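Read the structure below first, then the notes.
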Amino acid sequence: MTAEAPQSSHPKPQLVVTLPGRTPDELRHEFRRASEAGADLVEVRLDRIPAGDVEGLATIHQIPMDYEWIPAILTLRSRSEGGEGPDEETARLSLLQRALEVLPFTYVDLELARDLRIARSLRDSYGRNLGQIFSAHLVESTPLGLLRKTLRDSLEIGSYGKVVLPATVGRTLGELVPLAREFAGQHYVLHTTGPSGPLLRVLAAPLGMGLVYASLPGDGSQTVEPSQLPADRMRSFLDAKKGTPWLAVMGHPIRHSRSPLVHHRFLEQVGLPWLYVALDLVEAEEFRPALTALKTLGLRGVNVTLPYKELAAELADLKEEEVVTSGAANTLAWETGSPGALHAFNTDVSALARILTEVGEEGWSGESLLVLGAGGASRAVIAAGVEQGAHVFVTGRDRARVERTVQDFPSEFVSYLPPDALRPEGLVVNATPVGMAGSAPLSVPLEKAFRRGGILLDLVYSPADPFLRRAAEQAGVRYLGGGRMLVYQAAESFERFTGRKAPQQLMSELVREVDG
Ligand code: NAP
């Protein structure tokens with residue numbers, strides 16, 4: 001990877017918000033939200049709108065309007081390039097003309113591969129009143145030379161040239177960041193999807209891009225492209241002073257991580273214009289070089305999740321005690337200034353210690369607990385339990401693995417309990433993925449450990465199948481979801497990254513939102 005600190009003396013990119021709406025009503029509402037979030041432009045995806053509703057787009061621009069109209073881009077993404085619109089020229093031109101007749105679009109986004117004749121025809125009709133963005137959605141294996149040529153060609157004929165392709169973090173750092181620097185200051189867009197998705201969006205300003213595409217503010221559930229970052233956060237970041245840091249969570253897979261949402265809420269509340277993004281490191285070999293390269297590109301700190309927590313602990317220059325005892329780190333942060341040593345923390349352990357203190361206040365005796373699972377989360381529970389002086393029983397489906405985990409802790413505090421020897425416990429912790437979408441069914445009779453009036457702490461948050469919750473409640477056991485763990489470990493990491501405390505009231509709100 002050869003990424004170097006990019007130049008940043010270019011005008012800042014225009015912020016485009018892609019509206020996910022499929023009906024004129026939805027789009028009208030979203031237009032206002034984009035405008036309020038500080039968008040410079042909105043993108044209307046014509047291919048997502050049923051053909052019969054195209055004339056209805058006129059209602060978006062009804063006068064009087066209760067929001068500020070901002071320039072709009074009309075995009076008709078073809079099926080060939082990952083959209084829902086037609087590939088065929090006559091059908092494309094007809095749809096575009098119908099939409100252009102009813103709404104005052106400033107730009108039309110045309111596909112370099114299929115719309116050259118349409119471009120001429122629209123130029124004849126609208127002249128300079130309608131700018132043309134030329135885009136190409138390419139496959140992952142597209143060679144660097146072809147990417148460069150496509151960007152050059154699209155810039156030559158359009159007001160803006162845009163290339164989008166899926167890319168790993170490794171390729172983005174090694175090839176695409178240097179490629180982007182060749183075009184810095186021109187009206188270009190180079191975005192990726194897939195594992196590196198948000199990365200070039202974070203770097204859009206220092207890389208001198210013309211436009212950067214974002215989603216509506218919120219939890220991202222309505223996003224057209226999952227790699228897009230929320231417009232309000234993007235706006236603050238673009239308006240902040242040069243060199244404003246950013247943060248990331250790294251792991252594989254990472255798509256379902258709620259950490260960006262939680263950290264963005266913390267950042268917003270304390271008034272820091274930083275961004276927080278999820279990067280999927282598909283190969284372990286990407287991890288070390290990515291950290292080094294991303295640091296030079298403004299990354300201040302990282303949350304680390306499966307399967308890189310042990311690797312993160314190994315790479316750090318300085319390790320807090322919890323990292324040494326658990327052998328795993330979920331938080332890496334560089335100290336500011338030179339030499340900028342990399343510190344490793346395990347805020348899973350400190351979050352769990354806090355949760356155990358709370359459940360102690362909520363009725364758990366503090367004498368003993370049972371943990372199901374023998375992976376990283378289980379180790380964090382064991383470490384926190386031992387720290388509190390409780391006896392921790394550990395059970396799981398793979399006896400050898402559980403015993404290996406148990407052996408790493410003092411035997412007077414931690415012991416293996418076979419699944420067929422389970423007995424009622426005041427506190428039971430699920431430290432396995434059971435309940436998550438795609439996970440295997442529970443293979444241990446955990447309900448035997450339920451004690452009426454006791455507590456089940458499920459580390460899984462928002463489970464796709466809430467059967468553990470049902471089983472606990474039927475047995476008269478209080479169920480606590482994984483929201484507390486998510487939010488508490490994030491809050492502790494946030495403090496390490498920013499030196500600021502996450503606001504307590506917001507933390508409680510987020511736990512309620514996550515656990516429902
Ligand atoms: P891990 O290292 O992969 O370990 C998972 C453990 O669960 C292993 O011991 C595995 O057993 C066991 N397991 C998996 N499926 C099972 C099943 N169907 N029945 C019984 N045991 C099963 O994962 P981890 O890092 O410890 O994380 C575990 C879970 O904790 C995650 O999936 C996540 O949902 C949750 N977590 C939540 C937070 C939060 O912020 N709320 C933070 C960290 C983790 P084998 O050894 O036999 O494979």
Side-chain angles (χ1 to χ4, degrees), residues 249-263 278 303-313 322 326-331 345-355 370-384 394-406 408 416-420 422 428-449 456-469 471 479-494 507 510-511 513-516:
V249 56
M250 294 183 185
H252 179 68
I254 201 72
R255 192 170 227 201
H256 300 293
S257 173
R258 301 281 283 270
S259 292
L261 179 75
V262 171
H263 280 270
N303 280 125
V304 182
T305 184
L306 277 178
Y308 302 126
K309 289 186 181 182
E310 286 78 16
L311 187 55
E322 278 90 346
S326 65
N330 75 331
T331 304
F345 306 91
N346 192 322
T347 69
D348 287 340
V349 177
S350 34
L352 280 159
R354 183 169 172 183
I355 295 172
L370 173 80
V371 190
L372 170 66
S378 167
R379 283 173 179 275
V381 177
I382 298 169
V394 190
T395 193
R397 62 182 180 185
D398 178 344
R399 178 176 186 146
R401 186 175 180 193
V402 179
E403 285 185 335
R404 274 199 307 280
T405 299
V406 166
D408 290 341
Y416 169 63
L417 200 60
D420 57 9
L422 295 186
V428 176
V429 183
N430 171 38
T432 78
V434 291
M436 286 172 72
S439 65
L442 182 65
S443 56
V444 168
L446 198 63
E447 64 290 348
K448 284 198 182 151
L456 171 65
L457 173 63
D458 189 357
L459 297 191
V460 172
Y461 54 82
S462 322
D465 182 354
F467 76 95
L468 268 182
R469 177 179 204 140
Y479 175 88
L480 296 179
R484 281 199 212 197
M485 167 91 174
L486 171 72
V487 174
Y488 291 6
Q489 60 80 21
E492 303 250 353
S493 299
F494 183 76
M507 287 172 64
L510 285 166
V511 172
E513 280 175 35
V514 173
D515 285 339

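Ligands are counted one by one from 1 in listed order, and the atoms in each one are counted from 1 as well. The shown structure was predicted, so the numbers you read here are calculated from the model rather than taken from an experiment. Numbers for residues simply follow the sequence, beginning at 1.
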Can you list the ligand 1 atoms lying under 4.0 Å from a non-hydrogen atom of Y461? 41 (N)
Under 4.5 Å between any side-chain heavy atoms of K309 and S326, yes or no? no
From L306, V262, L459, V487 - option closest to atom 35 (C) of ligand 1 by heavy atom: L459
Which atoms of ligand 1 sit under 4.0 Å from any heavy atom of D398? 47 (O)
Identity and separation of the nearest protein heavy atom to atom 13 (N) of ligand 1: T432 CB, 3.7 Å
Among all the protein's non-hydrogen atoms, which is closest to atom 4 (O) of ligand 1, and how far away is it? G375 CA, 3.4 Å
Return the closest protein heavy atom for atom 19 (N) of ligand 1 as residue, atom name and distance. S443 OG, 3.0 Å
Protein contact to atom 8 (C) of ligand 1 [nearest heavy atom, distance to 0.1 Å]: R401 NH1, 3.3 Å
Output the list of atoms in ligand 1 that are nearer than 4.0 Å to some heavy atom of A374, sorted by atom number. 8 (C), 9 (O)
Under 4.0 Å from a heavy atom of G373: which atoms of ligand 1 are those, numbered in the order shown and with their elements? 9 (O)
In sequence, state the C-alpha distance, the side-chain angles, and the governing distance for T305 and S257, and then conclude on side-chain contact (heavy atoms from CB on, under 4.5 Å). CA-CA 9 Å; T305 184; S257 173; over 6 Å; no
In terms of residue, atom name and distance, what is the protein heavy atom nearest to atom 34 (O) of ligand 1? M436 SD, 3.2 Å
How far is atom 18 (N) of ligand 1 from the closest protein heavy atom, and which atom is that? P441 O, 2.9 Å
Identity and distance of the protein heavy atom lying nearest atom 28 (C) of ligand 1: A431 O, 3.5 Å
Here the atoms of ligand 1 under 4.0 Å from any heavy atom belonging to A440 are 18 (N)
Of R399, R404, R397, the residue with the heavy atom nearest atom 47 (O) of ligand 1 is R397
Ligand 1 to V460, heavy atom cutoff 4.0 Å, flagged ligand atoms 34 (O)
Could an N or O of ligand 1 be found under 3.5 Å from any N or O of A377, whether backbone or side chain? yes
Closest non-hydrogen protein atom to atom 32 (O) of ligand 1, residue and atom name please, with distance? P433 CB, 3.2 Å
